[in-house]
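This report concerns only the one structure given below.
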Amino acid sequence: MGDPTPHPHIVVHPPALDGSRRVTEGEAVLGLASHLDDVVEILRLADHDRVEVEESDLVEWQGGGPDDWPGLSRHGL
């Protein structure tokens, strides 16, 4: 039996001082996100548009989950 199809290992890194979060796949930096919608768009551009960002076990959230964007929650208040 061969190896199963490899799945991407996507990491959304802990928030930086400005609240943005780096998104990587393996050693490759896919982009910098300032909001959950940015993560969705970054993954779409990397041909991972079928990944359920908030619920998939393919996405590892470090330093907080999909609702954790420090410094950005006060916008519009």
Side-chain angles (χ1 to χ4, degrees):
M1 273 172 99
D3 289 334
T5 303
H7 294 288
H9 179 73
I10 299 160
V11 178
V12 181
H13 294 266
L17 293 175
D18 65 356
S20 65
R21 300 176 76 166
R22 192 167 37 107
V23 180
T24 61
E25 179 181 359
E27 298 294 319
V29 176
L30 299 179
L32 190 64
S34 296
H35 189 271
L36 180 61
D37 292 340
D38 293 340
V39 177
V40 172
E41 180 65 7
I42 288 167
L43 295 184
R44 185 189 71 77
L45 292 171
D47 292 326
H48 297 308
D49 53 334
R50 294 183 183 206
V51 173
E52 293 293 329
V53 175
E54 296 180 75
E55 299 175 12
S56 176
D57 58 355
L58 300 177
V59 179
E60 177 184 345
W61 291 87
Q62 297 179 346
D67 294 324
D68 189 16
W69 300 91
L72 300 175
S73 61
R74 292 189 191 127
H75 287 250
L77 294 180

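Residue numbers run from 1 in the order of the sequence given.
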(request) Could you label the plane-to-plane angle of the W69 and W61 rings as parallel, tilted or perpendicular, counting under 30° as parallel and over 60° as perpendicular? (result) perpendicular

(message) Does anything in residues 43-68 form a salt bridge (Lys or Arg N to Asp or Glu O under 4.0 Å)? List the pairs, not counting sequence neighbours.
(response) E41-R44

(request) Keeping the roles fixed (side chain from R21, backbone from Q62), state whether a donor-acceptor pair exists under 3.5 Å. (result) yes

(request) Applying side-chain hydrogen bond (donor to acceptor under 3.5 Å, both in side chains), name anything that partners S56, two or more places apart in sequence or on another chain. (result) none

(request) Write down the atom of S34, the atom of S20, and the distance for their closest heavy-atom approach. (result) OG-CB, 4.2 Å

(message) Are L36 and V11 linked, directly or through intermediate hydrophobic residues, by side-chain heavy-atom contacts shorter than 4.5 Å (ILVMFWY only)?
(response) no

(message) According to side chain to side chain contact (heavy atoms under 4.5 Å, CB included), who are the partners of L30, at least two apart in sequence or on a separate chain?
(response) V23, E25, I42, L43, A46

